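Take a look at the structure set out below.
Everything numeric in this text was worked out from a predicted model, so none of it was measured. Residues: numbered from 1 along the sequence shown.
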Amino acid sequence: MAYTQSTLLSNTQPFPLASFPNRNLHPPCTRLCLFRPLIFKGISVVEPKRLVPSMAETNNVAVEVFEKEDLAVSLAKYVADLSNKFTSERGAFTVCLSGGSLINYLRKLLEPPYVDTLEWSKWHVFWVDERVVPKTHEDSNYKLALDGLLSKVPIPPGNIYAINDTLSAEGAADDYETCLRHLVKDNVIASSPASGFPKFDIMLLGMGPDGHVASLFPGHPLVEENKRWVTFIKDSPKPPPERITFTFPVINTSAYAALVVTGKGKADAVHSVLGSSQNSVKLPAGLVSPEGEMKWFLDKGAASKL
């Protein structure tokens, strides 16, 4: 398997390496490492290519390109390493899931060694966004995650925070934000000392062909929302129309964020965010900028225009 390395700019905020317990994980940022290697896995390239992301270069950005099966293997290890880090440090691991194909790419967590060794009882699971439909509906992100992952691991039911599907979109968003505020108060979810927004351990995000993340769509006013933690949409360009979603301040306060993007149909949006053009349209995916590490998991189709 071939490896080609290049570099992406990272920030230069101080981060004491001694306080980072697992050197196999990248620390969120450090003055000792001003550049993060960009590793393409499974692709042979004659010369390294430097990517200048159109997203704001205020965070540590890593991009990896895989064969599909290798992507699932690497994503499982990434999540497992973070689980071990946070359960050891703070006794809990707060995970935010998305819908789409993400759950399928987490399937390796259901295999040894992870299924038997992760401290599942310390996981707390949330949704970055959710469709306002019954939990049994095929469009439900909760049902997707329950069927594909959560029902197969011993996470306590009380640690799985689904929306109240009996409420309207506005009511469900208000209720979910209230739930999060209680959990921050109880120290289940960390919070940012600077902003007061909840600081989830990991945001596991997908991206649509139009560059949307969560239920934050290009050109929609909700992209600019900066006060609320959870908001709602009734006119989603993608059905179903009614959804709730985390806002960008919450997404970007997270300790780690992973964007899992696959398929040639998303190659244009990936190029708009990660490509070299200085005049790219600012897509929602390009606005993801967590306080810690940002990592893209791409397959060769999604990366085909880089």
Non-hydrogen side-chain atoms of L306 and V270 separated by less than 4.5 Å: yes
Distance-minimising heavy-atom pair for S74 and E64: OG-OE1, 3.9 Å
Pair D165-H137, side chain to side chain donor-acceptor pair (under 3.5 Å): steps then yes or no: CA-CA 10 Å; D165 59 356; H137 195 282; over 6 Å; no
Distance in Å, S83 OG paired with W120 CH2, rounded so as to fall on 0.5 Å steps: 7.0 Å
Aromatic ring proximity, centroids under 6.0 angstrom, F200 and Y256: no
Audit row: T94, D201, side chain to side chain donor-acceptor pair (under 3.5 Å) steps and yes/no: CA-CA 5 Å; T94 52; D201 298 331; 3.1 Å; yes
K122 atom NZ: more than 12 heavy-atom contacts under 6.0 Å: yes
Ring geometry between F126 and Y176 (parallel below 30°, tilted from 30 to 60°, perpendicular above 60°): perpendicular
Expected output: side-chain S168 to main-chain G171 donor-acceptor under 3.5 Å: yes
Mutual orientation of the aromatic rings belonging to Y78 and F297 [parallel < 30°, tilted 30-60°, perpendicular > 60°]: perpendicular
Chi angles and distances behind the salt bridge (Lys or Arg N to Asp or Glu O under 4.0 Å) call for R243, D235: CA-CA 9 Å; R243 301 155 175 248; D235 57 349; over 6 Å; no
Pairwise distance CG(L222) to CG(L216) - rounded to 0.5 angstrom: 6.5 Å
Minimum heavy-atom distance between A269 and P209, given as atom pair plus value: CB-O, 3.5 Å
Salt bridge (Lys or Arg N to Asp or Glu O under 4.0 Å) between D81 and K85, intermediate numbers included: CA-CA 6 Å; D81 284 347; K85 165 182 162 60; over 6 Å; no
Check: T136 main-chain N/O paired with S140 side-chain donor or acceptor under 3.5 Å: no
Gap between atom CG of D70 and atom CG of L75 - 0.5 Å precision: 12.5 Å
Gap between atom CG of N84 and atom OG of S88 - 0.5 Å precision: 8.0 Å
pair F93-L118: side-chain heavy atoms closer than 4.5 Å: no
Short side-chain to backbone donor-acceptor contact, N252 and L287, under 3.5 Å: yes
Side-chain donor or acceptor of E170 paired with backbone N/O of A172 under 3.5 Å: no
NZ/NE/NH1/NH2 to OD/OE distance under 4.0 Å, E111 and K108: yes
Side-chain heavy-atom pair R131, N141 within 4.5 angstrom cut-off: yes
Spacing of CZ belonging to R228 relative to CG belonging to N226, to within rounding of 0.5 Å: 12.5 Å
Flag, side chain of D186 to backbone of V188, donor-acceptor distance under 3.5 Å: no
Approximate separation, where rounding is to 0.5 Å, of D174 CG and L167 CG: 9.0 Å
Side-chain heavy atoms of K264 within contact of D299, under 4.5 Å: no
Within-4.5 Å side-chain heavy-atom neighbours: S254 and P290: yes
Beyond-backbone contact of L109 with V115, side-chain heavy atoms, under 4.5 angstrom: no
ILVMFWY cluster, I160 and L110 together (side-chain gap under 4.5 Å): yes
Side chain to side chain contact (heavy atoms under 4.5 Å, CB included) evaluation trace for L183 with Y161: CA-CA 11 Å; L183 292 170; Y161 304 90; 3.6 Å; yes
Test side chain to side chain contact (heavy atoms under 4.5 Å, CB included) applied to M294 and N60, step by step: CA-CA 6 Å; M294 169 77 173; N60 239 351; over 6 Å; no
Residue pair R107, E69: steps toward the salt bridge (Lys or Arg N to Asp or Glu O under 4.0 Å) verdict: CA-CA 10 Å; R107 65 187 182 276; E69 189 66 17; 2.8 Å; yes
Cationic N near anionic O, under 4.0 Å, K143 to E130: no
Hydrophobic cluster membership, I163 vs L146, 4.5 Å side-chain cutoff: yes
Heavy-atom donor-acceptor pair, K266 side chain to M207 backbone, under 3.5 Å: yes
Minimum side-chain heavy-atom gap N159-V125 below 4.5 Å: no
Minimum-distance pair of heavy atoms, taken over all atoms of A173 and I244: N-CG2, 3.7 Å
Side chain to side chain contact (heavy atoms under 4.5 Å, CB included) between I202 and L204, intermediate numbers included: CA-CA 6 Å; I202 178 68; L204 293 168; 3.9 Å; yes
Non-hydrogen atoms of I233 and H220 that approach each other most closely: CD1-NE2, 3.6 Å
F197 and W229 aromatic ring geometry - parallel, tilted or perpendicular at 30°/60° bounds: tilted
Criterion side chain to side chain contact (heavy atoms under 4.5 Å, CB included) on S101 and T262, from CA distance to verdict: CA-CA 9 Å; S101 61; T262 60; 4.1 Å; yes
Side chain to side chain donor-acceptor pair (under 3.5 Å) between T245 and D129, intermediate numbers included: CA-CA 4 Å; T245 183; D129 70 323; 5.2 Å; no
Under 3.5 Å: donor-acceptor pair, side chain of E242, backbone of V132: no
Salt bridge present between K199 and E291 (N-O < 4.0 angstrom): yes
Heavy-atom check, side chain of F248 versus side chain of E224, under 4.5 Å: no
Worked check of side chain to side chain donor-acceptor pair (under 3.5 Å) between W127 and S98: CA-CA 6 Å; W127 276 265; S98 301; over 6 Å; no
Linked, directly or transitively: V184 and V95 (ILVMFWY side chains, under 4.5 Å): yes
Side chain to side chain contact (heavy atoms under 4.5 Å, CB included), paired with W296, selected from V288, L205, V273: V273
P218 versus D210, closest heavy-atom pair with distance: CG-O, 3.1 Å
Residue pair P284 / V223: nearest heavy atoms and the distance that separates them: CG-CG2, 4.3 Å
